[in-house]
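This is a predicted model, so every value here is computed, not measured.
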Amino acid sequence: MYGRLYGRGALFDVEPAGLVPRLVGIRPYELHAQRPEHPAGPPLLVLSGGRGVGKSAVLGELWEAYTGHNRRGEARRRTPVALVDCEDEQFAGPPHEESPESWSPVWQALLVVAEQLTEPVKAAGQLTFPRLTAGLVAVRASDWSGRTDSDRIRRELVRILLLNERATRFTLAGRWAAKVASKVIAAASSEDPFVAATVEATLEALSEGVTHRKEQRPATWYRAYPNAGGNAKRGLLLLAGNFRAGGTSREHAERWLVRALLADLADAYSGIGSHLTRLGRPLVLLDNARLGPGPGLLDAVLRDRADGVTDQVIWVATVRGTNHPALGDAVRRELPDVARTTHWEPGTSPSSRALLVPLPPLSPDDTLHMVGAVCYDTELPPQLPHATHRLTGGNPLGIVLLATAARQHPDKAASLGRLLIAKVKMEEGQADDGRPAYAELLRRLVPADRLDELTVLAAAHDHDSAVALAHAGLPDDFGASGVRSLRARLAEEGLAAEPGQFVGDPFIRTLLLLRLHHRHPDHAKWREVHETMIAHFATGLGFRTPNPGVDAFRLYHELALGDTAGAVAHLRDTFTTLRTRTWLDTLRFLASAPYFHAHDAEGRDSDGHDDRRAAIALGRTDAAQQPPDGVNTALHLRIRRLLHAVWQVSDPLVLPDPKVCGRLEFELLQLSDLRPAGGALLFAASQSWPRDARAGRPLRTPTEEGSADGDGDGNGPGDGDGDGDDGDGVA
């Protein structure tokens with residue numbers, strides 16, 4: 001059974017069969033047949049999600065699941081399987097200085113896919129691709145015309161011709177291909193037009209009996225090409241001409257090349273006895289299919305299937321986000337829903353032939369098992385897995401990297417903040433110390449070309465505040481249009497939006513803010529960004545609470561700089577005037593302000609790692625406090641202790657402190673006695689918030705009955721300020 005993935009059983013399960021074995025028709029890691037689902041034609045499976053959710057890991061596991069090894073250690077596929085990363089450099093441009101008219105990412109991808117599919121398959125014959133061979137040669141022939149470097153032409157031609165050579169233990173691989181390449185080059189060196197001569201020589205080689213008899217017939221397949229008039233040579237010349245023309249003509253030619261690949265595969269799975277030697281369906285895996293050859297391949301397969309040109313190939317693609325233009329009508333299912341059946345029925349549009357399945361975050365139990373697997377020989381704090389899940393939101397990459405940091409730095413495992421700034425070695429025997437864990441995560445989780453801009457804008461809450469930050473801290477040409485473009489880019493990357501935050505994903509936002517804090521040794525950029533936000537919300541409309549003149553976002557950024565006076569005063573003065581639910585939501589929102597370094601008594605960053613919030617929450621600093629004149633001293637100190645307790649236990653970078661959780665419960669209980677009308681809601685919070693904190697869950701404002709499943713799940717002050725309030729009647 002698969003051993004490297006967690007939370008993906010719906011894809012790989014054997015008994016009962018998960019999604020992939022039902023589609024492929026073979027159990028993973030076994031050579032046992034499984035009754036295939038959708039015998040008339042399978043869906044094109046698309047796995048979606050943001051960076052780090054494990055899409056590439058799933059494809060890698062599929063590769064391993066259907067690739068075995070013989071006694072000599074040689075790879076033997078259980079079924080033909082190919083894996084292509086559409087972001088790979090080989091698809092970025094032609095390998096040589098040839099004219100781009102005779103090359104495209106789709107052309108290159110088809111060559112690579114076919115090469116992998118020709119690899120030996122256990123208990124089955126080797127696949128060959130005569131149709132595709134002829135088409136690929138015809139397209140490339142125009143670039144070889146007039147060139148004197150015959151050695152390079154010979155290497156390229158042999159590579160293509162090897163797709164049609166059936167190697168055995170009694171023949172040398174490449175002998176037929178080299179022989180045919182010599183004939184093609186000789187024919188093309190004659191006075192006849194180069195492309196026509198190359199095509200004619202290739203067709204002759206595919207038909208003259210030097211290959212298996214089953215490969216002789218497909219050489220005439222191109223007779224059916226539009227306007228070919230039943231002439232295979234003319235069909236291939238038209239194909240090459242359409243490819244060179246570019247635009248929609250090239251897309252048409254690429255569709256025929258994809259169709260040639262699928263027709264060759266269909267031939268291998270037809271005929272007498274083929275069902276006895278070939279179990280299951282061939283498998284093509286396309287990683288990062290949003291880029292490079294991915295869109296062209298997906299479009300060709302989906303359009304042909306919609307037009308009735310069926311095939312039995314299992315295509316599994318991964319994309320970031322779910323708004324791919326070619327997947328508008330795709331059937332969407334959650335991963336647990338496809339564990340036993342897909343419930344997939346295609347419509348009339350090409351995209352309805354796709355089955356889109358988002359990969360969900362891992363569960364707390366998955367996180368526990370994953371951290372345990374990485375740190376099996378390291379003693380760690382028992383709260384670390386829960387805290388890791390709260391910080392990462394179940395992001396597999398984040399979990400693995402944090403667990404790796406904890407294994408390498410067990411002395412820092414009591415603080416996720418210290419783990420994130422610790423340097424991590426990603427490979428055994430790595431010469432250097434690596435880079436900080438947060439930097440390694442950002443390298444993999446956000447677009448590298450927008451990292452600096454996102455680092456600044458991570459402190460913003462909406463478009464206007466992001467524009468204010470852009471004007472203050474980014475190049476002059478970025479501006480409002482840059483903010484809009486970046487927000488659209490985040491959506492394309494599959495990063496979920498969240499009201500009240502420019503960067504919606506809490507984990508990525510935390511990493512970006514941590515990078516902002518450490519950008520300069522004196523944290524100058526950190527201060528500049530938050531001071532810009534304080535000024536913006538002090539003069540603009542911002543997000544105001546019902547108390548006139550008080551801006552919750554301004555207080556949030558003051559807290560980020562260590563100034564707690566405004567937040568304490570606001571919570572103290574509005575305790576009896578705001579609705580209890582609104583007051584609790586405001587407290588929750590203010591306490592979500594980042595706190596990366598300990599602060600001294602004046603609110604300045606200090607170099608130590610002590611968390612002063614715990615000392616304040618536990619009342620150890622009360623004696624030194626001088627509340628403002630005219631205020632209730634006991635209420636002032638209680639609110640101050642409560643704010644720091646919530647700030648500490650809700651901090652995703654800090655393991656929950658049991659003593660602070662206990663103080664949080666006590667302070668809320670005491671406040672419930674001071675406000676009878678809202679006492680039920682305060683009492684419910686006193687029970688649910690410490691429980692959530694100890695379990696590593698985000699704090700949520702409960703309902704009156706004490707359940708946290710009701711309203712009030714937002715992050716901004718005033719969320720849930722409607723039906724279901726505590727009914728104290730205070731506006």
Side-chain angles (χ1 to χ4, degrees), residues 59-60 62-64 66-67 74-96 102-122 124-140 152-168 171-178 180-181 184 202 205-206 211-212 215 218 254 257-269 278 281-289 292-294 296-297 300-301 311 313-317:
L59 296 191
L62 286 174
W63 173 273
E64 293 291 336
Y66 292 102
T67 300
E74 299 171 343
R76 288 288 179 183
R77 310 287 166 75
R78 295 178 173 88
T79 193
V81 57
L83 172 60
V84 171
D85 183 356
C86 296
E87 283 188 337
D88 195 86
E89 291 184 1
Q90 65 178 315
F91 305 118
H96 304 288
S102 63
W103 182 93
S104 76
V106 170
W107 185 96
Q108 185 72 23
L110 288 171
L111 174 61
V112 174
V113 166
E115 284 177 331
Q116 295 184 38
L117 293 177
T118 60
E119 294 294 325
V121 176
K122 190 173 182 179
Q126 184 178 357
L127 296 178
T128 55
F129 295 91
R131 297 172 176 84
L132 183 62
T133 296
L136 295 179
V137 170
V139 169
R140 290 290 293 129
R152 197 198 98 186
I153 296 174
R154 187 185 306 274
R155 288 194 302 271
E156 292 186 12
L157 187 54
V158 166
R159 181 181 179 185
I160 300 172
L161 292 171
L162 280 173
L163 301 179
N164 196 49
E165 179 163 355
R166 187 184 300 276
T168 71
T171 62
L172 294 176
R175 176 180 293 178
W176 174 83
V180 174
V184 170
T202 302
L206 292 172
T211 63
H212 192 273
E215 279 94 44
E254 289 176 340
L257 291 176
V258 174
R259 193 177 296 178
L261 171 80
L262 298 177
D264 288 332
L265 285 171
D267 244 12
Y269 280 77
R278 296 194 182 277
R281 294 156 160 166
L283 183 62
V284 179
L285 311 172
L286 302 178
D287 202 7
N288 299 305
L297 292 173
V301 173
D311 65 88
V313 178
I314 302 303
W315 297 80
V316 183

Run the side chain to side chain contact (heavy atoms under 4.5 Å, CB included) test against E119 and tell me which residues pass, sequence neighbours left out. R77
Could you grab the distance from atom CG of L261 to atom CZ of F129, nearest 0.5 Å is fine? 5.5 Å
Go through the steps to decide whether D287 and V84 satisfy the test side-chain contact (heavy atoms from CB on, under 4.5 Å), and finish with yes or no. CA-CA 6 Å; D287 202 7; V84 171; over 6 Å; no
Could you give the distance from CZ (R131) to CG (L265), rounded to the nearest 0.5 Å? 10.0 Å
Any L297 side-chain heavy atom under 4.5 Å of L110 side chain: yes
Taking the side chain as every heavy atom from C-beta outward, state whether W315 and P282 have any atom pair closer than 4.5 Å. no
Do W103 and Q108 have a side chain donor and acceptor closer than 3.5 Å? yes
Could you check I314 against V284 for side-chain contact (heavy atoms from CB on, under 4.5 Å), going step by step and ending with a plain yes or no? CA-CA 6 Å; I314 302 303; V284 179; over 6 Å; no
About how many Å separate CH2 of W107 and CZ of R140, when rounded to the nearest 0.5 Å? 5.5 Å
Could you walk me through whether T133 and L161 pass the side-chain contact (heavy atoms from CB on, under 4.5 Å) test, one step at a time? CA-CA 6 Å; T133 296; L161 292 171; 3.8 Å; yes
Report yes if the side chains of R78 and V121 come closer than 4.5 Å at any heavy-atom pair, otherwise no. no
salt_bridge(R259, D311) N-O dist < 4.0 Å: no
Could you measure the distance from the CG atom of L83 to the OH atom of Y66? Nearest 0.5 Å is fine. 14.5 Å
Test side-chain contact (heavy atoms from CB on, under 4.5 Å) on T79 and R281 and set out the steps. CA-CA 7 Å; T79 193; R281 294 156 160 166; 5.8 Å; no
Between V316 and L59, is any pair of side-chain heavy atoms under 4.5 Å apart? yes
Looking at every non-hydrogen atom in both residues, tell me the closest pair between V106 and G296 and how far apart they are. CG2-CA, 4.0 Å
Between atom CG of D264 and atom CG of L117, what is the distance when rounded to the nearest 0.5 Å? 10.5 Å
Do V81 and Q116 touch side chain to side chain, with heavy atoms closer than 4.5 Å? no
Which value, rounded to the nearest 0.5 Å, describes the distance between L136 atom CG and L157 atom CG? 11.0 Å
Sub-4.5 Å side-chain heavy-atom contact between V158 and R154: yes
Of all heavy-atom pairs linking P105 and G292, the shortest is CB-C, 4.0 Å
Minimal non-hydrogen separation, A289 against A317, with atom names: CB-CB, 3.9 Å
Counting distance only, does the side-chain N/O of T118 pair as donor-acceptor with the main-chain N or O of L127 below 3.5 Å? no
